[in-house]
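Report on the structure given below.
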Amino acid sequence: MRIDHSRKRRVSIVAAARQALIAGSVASVLSTAALALAGRRQNRSAAAPINAVSHWYWGDEALHRQGASARHTLAGYLTHHGASVFWAG
């Protein structure tokens, strides 16, 4: 009887990807909440620390944005979330 090792490998890769997605997503949500709370406490802006993450794309403009916006906050959150999932894997 021949054992199909490639199928086992595929199943383990899928399981690892699923685990990284779940763990990374939980880490992203919890750390974003912590960032928002700290931002609210220190700068009176929950969005500012999340906006700052998008500085890689929007430049220094993102570092100074206090309010929530699709441009900065969404880009910052998606960057943060992607990094969290990547590092969980």
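Bear in mind the structure is a predicted one, so any value in this text is a computation, not a measurement.
- Sorted by first and then second residue, the salt bridge (Lys or Arg N to Asp or Glu O under 4.0 Å) pairs involving residues 17-33 (not counting sequence neighbours) form an empty list.
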Would you give me the side-chain donor-acceptor pairs under 3.5 Å for residues 22-31, sequence neighbours excluded?
unit_1 : atom_1 : unit_2 : atom_2 : d
S25    : OG     : L21    : O      : 2.7
S25    : OG     : H81    : NE2    : 3.4
S28    : OG     : Y77    : OH     : 3.3
S28    : OG     : H81    : ND1    : 3.0
S31    : OG     : A27    : O      : 2.7
S31    : OG     : S28    : O      : 3.3
S31    : OG     : H80    : NE2    : 2.7

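- Atoms CD1 and CG, from I50 and L35 in turn, are 6.0 Å apart once rounded to the nearest 0.5 Å.
- A20 and A88 make their closest contact through O-CB, 3.6 Å (heavy atoms, listed as atom of the first residue, atom of the second, distance).
- Pairs of residues two or more places apart, or lying in two chains, never qualify as side-chain hydrogen bond (donor to acceptor under 3.5 Å, both in side chains) while including a residue from residues 36-45.
- Between G67 and A47, the shortest heavy-atom contact is C-CB, 3.9 Å.
- Residues forming a salt bridge (charged side-chain N to carboxylate O under 4.0 Å, His left out) with R71 (at least two apart in sequence, or on another chain): E61.
- N51 places a side-chain N or O within donor-acceptor distance of the main-chain N or O of T73, the cut-off being under 3.5 Å.
- Every residue meeting the side chain to side chain contact (heavy atoms under 4.5 Å, CB included) condition with A52, not counting sequence neighbours, appears here in chain and number order: L63.
- Partners of L78 under the side chain to side chain contact (heavy atoms under 4.5 Å, CB included) rule, at least two apart in sequence or in another chain, are L74.
- Residue pairs that meet the salt bridge (Lys or Arg N to Asp or Glu O under 4.0 Å) test with at least one member in residues 79-89, sequence neighbours left out, do not exist here.
- Applying the salt bridge (Lys or Arg N to Asp or Glu O under 4.0 Å) test to pairs two or more places apart or on separate chains, none has a residue in residues 27-36.
- For residues 73-89, no pair satisfies salt bridge (Lys or Arg N to Asp or Glu O under 4.0 Å), with sequence neighbours left out.
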